[in-house]
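Comments concern the structure below.
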There are 2 protein chains.
Amino acid sequence: MLKRLSKYIKNLNTKKKTTIKDIASALNISPAAVSKALHDDSRISKKTKDAVKKVAKDLNYQPNHLASALRKGKSNLVGVIVPRTNSNFFSSVIENIEAVLNKEGYHIIITQSNESYKKECDNIDTLLFTQVDGIIASMANETVNLDYYEKIKSKGIPLILFDRGENDLNVDYIGINDYDSSHMIVEHLVEQGCKRIAHIGGYKRTRIFNNRIRGYIDALKKHNLPLDNELLIESNLTIEDGRLKMTQLLALKNRPDAVYVAGDYAALGALQVLNEQHINIPKDIALVGFGNEPFTDMVTPTITSIDQHSSEIGKQAAKTFLAHVKKKSTSQTLNKIILNADLIVRHSSNKKDLS
Amino acid sequence: MLKRLSKYIKNLNTKKKTTIKDIASALNISPAAVSKALHDDSRISKKTKDAVKKVAKDLNYQPNHLASALRKGKSNLVGVIVPRTNSNFFSSVIENIEAVLNKEGYHIIITQSNESYKKECDNIDTLLFTQVDGIIASMANETVNLDYYEKIKSKGIPLILFDRGENDLNVDYIGINDYDSSHMIVEHLVEQGCKRIAHIGGYKRTRIFNNRIRGYIDALKKHNLPLDNELLIESNLTIEDGRLKMTQLLALKNRPDAVYVAGDYAALGALQVLNEQHINIPKDIALVGFGNEPFTDMVTPTITSIDQHSSEIGKQAAKTFLAHVKKKSTSQTLNKIILNADLIVRHSSNKKDLS
DNA sequence: AAAACTAGGTTAAACGTTTAAGCAATATTG
DNA sequence: CAATATTGCTTAAACGTTTAACCTAGTTTT
């Protein structure tokens, strides 16, 4: 009695999803035939296929992703890990990854590490738990231990890194040429007549920031400018720290006449300090950022920056993943895609265009 | 021959994941017992449980989420839809949703609509496809047709809206009191001696922006200020449009002496224009934003804004979802949680604190 | 006209868990 | 001490798809 009642209630609640079985019995064919029809198997007649598709639509059939994922051993889900999504760069990369993957029937799961190593590990666990078919990631600032990434590799799950990646980890990578970008920036500043160029860089331990630093140092050498250790500062590249480090530079007896900041947010902080202290940009101090965030073109003065081709990075990352799953052979050739970045010159460093 | 070879290769590749069966045969008990042991079922002896857990750890057992989700009919995944993640507000809401849900064994899938209705529909399809147990969403600016949200409801999947939600859709909602917030702002500006208060508002069709507009109008009335239609402008609230609309206001014969902008990004755009035109803030024109984005405290002058308690909104949204799944009974009492926002007074509107 | 294909399916097992139902052995109760 | 409960499992089915293997009737080849 109680059982019958509960069953009745259950039937009321579970708006009973249509399954392949329902379609099969409606057409008096086997579930297997339905499955094949829905996948356009060559061994099923056009007539049956059409009938199946019609009934499927009529009954509002939605394939059960979990069941097919379980059976096929793949989830058609790709995990994405980024430090944070609230910058235009990562936001745009994600958008493009999604666009490319959606076309191939994949969906993405976005997770943020907030630059925390622990969070990043949690995210990896979440993604592995969700049985993603691959992971596309950009590492947190904090991350130095690569065990968790090795864990992904050891499970045989394709791993693609972009922007923030490590060389030691032998995986596919998409990014820009940071070393060359620094050269472009220094060259540009030298052209503007700057002689004391400071660099507020990211953490040396992060490969891309290290490359920017190396590029900065080598470019100075190339132009016969002395390297002054006071002018090379390590930063976490937040707005706040940008303010701090700029203030620090202004406190020097011998101030720089140009500052190259390895991130736009920190460059914005620096800009604020310069504006507040009524220092003329670029006449007294020229400023260059990195990343070409939209706000660089909206602040006063507009900030010269490096465009990292975020949409291209996203697309390439997605394509690299797809290449991985398509050739399931062992011929896993390593892909390292290095794009050339563009220098976008704006008011903050353009002395020649002064009206 | 060929078969044996392919089988051999297969075994090489599939780093054979340990399953419950493996544990079972290792201990010579049934898979069912293992499953129960892992879930701390009371009908399993402590001795067996310990043994199972030890073997599970030794064999590096990872539960197959897909299988359990299929069997249990729930995925332990919650979908989150936001306009974009690149604002601190949404970023912070998401962070808190995740924190609360992770503790209960749920994971989240983040998707962005980029303020596009079509993208939002796609996102909903993705989430339904992924078999999420619930959806927490904030609607795109463009969204006026609610069919897709009805679709979620009709599938019996818990839907919780926050910030941008609609009244017509009869679902749980978490947000702040926008109407009252406008009152607080106008009151504050009146106290500062402002008499011509303009409002750059969001789209009227979006409920929260409409409420802010209504609050603005009613507050003017309350303080016996005339409503000048020239001073009430609709905007998409991006930085760019903030610049545009501010420029528009400055072109009036009779300029406002205060501008209340319904979003911080647009307020930033307005601030830039005012700064560029060397208009004294707040003496000539006072400025107030909405959202308390971190940069409001970093620009010059700092911008007065409304704090929306993003972390609280995130937590409450997650808790509301959890309440839904816990009481599976039909007693679906509707939750409308309206938080009181805080006005954070900063330099852009504080005339009394002038040094 | 026998042999060999082909078209168009069907059958049944499998993916890894969970869980209702069952059962034997031990413990508790009246 | 017989009746009843409890403990600690086992059995087997189920979740919804997919797929290898098989089957039958018709078609083509030789």
Side-chain angles (χ1 to χ4, degrees), chain A residues 2-4 6-7 10 14-52 56 59-76 105 128-131 133, chain B residues 2-4 6-7 10 14-52 56 59-76 105 128-131 133:
Chain A
L2 206 74
K3 255 188 206 168
R4 281 182 53 207
S6 83
K7 196 166 185 184
K10 200 176 171 189
T14 56
K15 340 221 157 188
K16 261 301 221 169
K17 293 192 182 168
T18 3
T19 74
I20 266 187
K21 271 188 184 172
D22 300 329
I23 303 178
S25 63
L27 290 171
N28 233 4
I29 57 178
S30 73
V34 174
S35 172
K36 287 176 182 167
L38 291 172
H39 289 88
D40 273 325
D41 189 296
S42 63
R43 303 297 292 271
I44 301 292
S45 69
K46 172 134 181 28
K47 194 176 142 196
T48 307
K49 281 182 189 169
D50 290 346
V52 165
L59 296 183
N60 190 27
Y61 167 72
Q62 299 283 125
N64 185 322
H65 157 250
L66 296 171
S68 91
L70 173 59
R71 175 59 229 250
K72 295 201 293 191
K74 59 175 295 199
S75 65
N76 272 45
L128 293 179
F129 168 80
T130 319
Q131 233 108 8
D133 291 341
Chain B
L2 205 77
K3 252 187 205 169
R4 278 183 55 207
S6 84
K7 195 165 186 182
K10 199 175 173 189
T14 56
K15 340 223 155 186
K16 260 302 221 169
K17 293 193 182 167
T18 2
T19 73
I20 266 186
K21 270 188 182 172
D22 300 329
I23 302 178
S25 64
L27 290 171
N28 232 4
I29 58 178
S30 72
V34 174
S35 173
K36 286 176 184 165
L38 291 172
H39 289 89
D40 272 325
D41 189 298
S42 63
R43 303 294 290 273
I44 301 291
S45 69
K46 175 137 178 26
K47 194 176 144 198
T48 307
K49 282 182 190 170
D50 289 347
V52 166
L59 296 183
N60 190 26
Y61 167 72
Q62 298 284 125
N64 185 321
H65 157 249
L66 296 171
S68 92
L70 173 60
R71 173 62 228 248
K72 294 201 291 192
K74 58 176 297 199
S75 64
N76 272 45
L128 293 179
F129 167 81
T130 318
Q131 235 106 5
D133 291 342

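Within every chain, numbering begins at 1; the chains are lettered A, B, ... in the order of the sequence lines, protein sequences first and strands thereafter. What's counted below: heavy atoms across the whole structure, side chains too, no hydrogens, waters or symmetry copies.
- In this structure, the NZ atom of A/Lys74 is 12 Å from the P atom of D/dT18, given to the nearest Å.
- The side chain of B/Ile20 approaches C/dT17 more closely than any other nucleotide in the set C/dT19, C/dT17, D/dT17.
- Distance B/Lys17 NZ to C/dT17 P: 10 Å, rounded to the nearest Å.
- One can place CG of B/Leu66 at 14 Å from C1' of D/dT18, the figure rounded to the nearest angstrom.
- Contact annotation: side chain of A/Lys36 to base of D/dT17, donor-acceptor pair absent below 3.5 Å.
- Contact of the A/Ile44 side chain with the A/Val52 side chain is not registered, since no non-hydrogen atoms from C-beta on lie closer than 4.5 Å.
- If you measure from atom NE2 of B/His65 to atom P of D/dC15, you get 19 Å, rounded to the nearest angstrom.
- The shortest non-hydrogen separation linking A/Leu59 to A/Thr18 is O-OG1, 2.9 Å.
- Residue A/Asp22 holds its CG atom at 13.0 Å from NZ of A/Lys17, rounded to the nearest 0.5 Å.
- At its two ends the helix from C/dA1-D/dT30 to C/dG30-D/dC1 runs along axes set 40° apart, each axis drawn from five pairs and the angle rounded to 10°.
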Report each atom pair, protein N/O against N/O of nucleotides 25-29 of chain C, whose distance is under 3.5 angstrom.
none

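- For B/Ser68, the side-chain contact (heavy atoms from CB on, under 4.5 Å) partners at least two apart in sequence or on another chain are B/Lys72.
- The two atoms that bring A/Tyr61 and A/Ile20 nearest to each other are OH-CG1, 3.5 Å, heavy atoms only.
- Here the C1' atom of nucleotide C/dG8 and the CG atom of A/Asp50 are 15 Å apart, to the nearest Å.
- Contacts of B/Thr19 with the nucleic acid, taken as non-hydrogen atoms under 4.0 Å apart, involve only primed sugar atoms and P, OP1 or OP2.
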Reading nucleotides 24-29 of chain D 5' to 3', which nucleotides get B (base under 4.0 Å from a protein heavy atom), which S (sugar-phosphate only), which -? ------
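- Counting all heavy atoms, side chain and backbone alike, B/Ala69 lies closest to B/Ser75 at CB-CA, 3.8 Å.
- Qualifying salt bridge (Lys or Arg N to Asp or Glu O under 4.0 Å) partners for A/Lys47, counting only residues two or more places apart in sequence or in other chains: none.
- For the pair B/Lys49 and B/Lys72, both in contact range of DNA chain D, the more 5′-proximal nearest nucleotide belongs to B/Lys49.
- Summarising the geometry, the separation between OH on B/Tyr61 and P on C/dT17 is reported as 3 Å, rounded to the nearest angstrom.
- Residues passing the side chain to side chain donor-acceptor pair (under 3.5 Å) test with B/Ser30, sequence neighbours excluded: none.
- Counting to the nearest Å, the P atom of D/dC15 and the CG atom of A/Asp22 are 11 Å from each other.
- Residues satisfying the side-chain contact (heavy atoms from CB on, under 4.5 Å) criterion with B/Asn76, sequence neighbours excluded, are B/Lys74, B/Tyr106, B/Asp133.
- B/Ser68 has no side-chain polar atom (N or O) that falls below the 4.0 Å cut-off from OP1 or OP2 of C/dT17.
- A/Lys21 has its NZ atom 15 Å from the C1' atom of C/dT10, to the nearest Å.
- Comparing A/Thr48 and B/Ala33 against DNA chain C, the residue whose closest nucleotide sits nearer the 5' end is A/Thr48.
- At the heavy-atom level, B/Ile29 lies under 4.0 Å from the strands shown only through sugar-phosphate atoms.
- For A/Ser25, there are no side chain to side chain donor-acceptor pair (under 3.5 Å) partners two or more places apart in sequence or in a different chain.
- The side-chain contact (heavy atoms from CB on, under 4.5 Å) search around B/Ala67 returns A/Leu70, B/Asn64, not counting sequence neighbours.
- Listed nucleotides: D/dT17, D/dT11, D/dG16. Nearest to the side chain of B/Ser30: D/dT11.
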Less than 3.5 Å apart, which donor and acceptor atoms pair up between the side chains of residues 33-43 of chain B and the rest of the protein, not counting sequence neighbours?
from: B/His39; atom 1: ND1; to: B/Ser35; atom 2: O; distance (Å): 2.8
from: B/Asp40; atom 1: OD1; to: B/Lys53; atom 2: NZ; distance (Å): 3.0
from: B/Asp41; atom 1: OD1; to: B/Arg43; atom 2: N; distance (Å): 2.7

Any protein N or O atoms within reach of nucleotides 12-14 of chain C? Criterion: under 3.5 Å, listing atom names and distances.
from: C/dA14; atom 1: N3; to: A/Arg71; atom 2: NH1; distance (Å): 3.2

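- Of the residues in residues 37-47 of chain B, those placing a heavy atom less than 4.0 Å from an atom of DNA chain C are B/His39, in numerical order.
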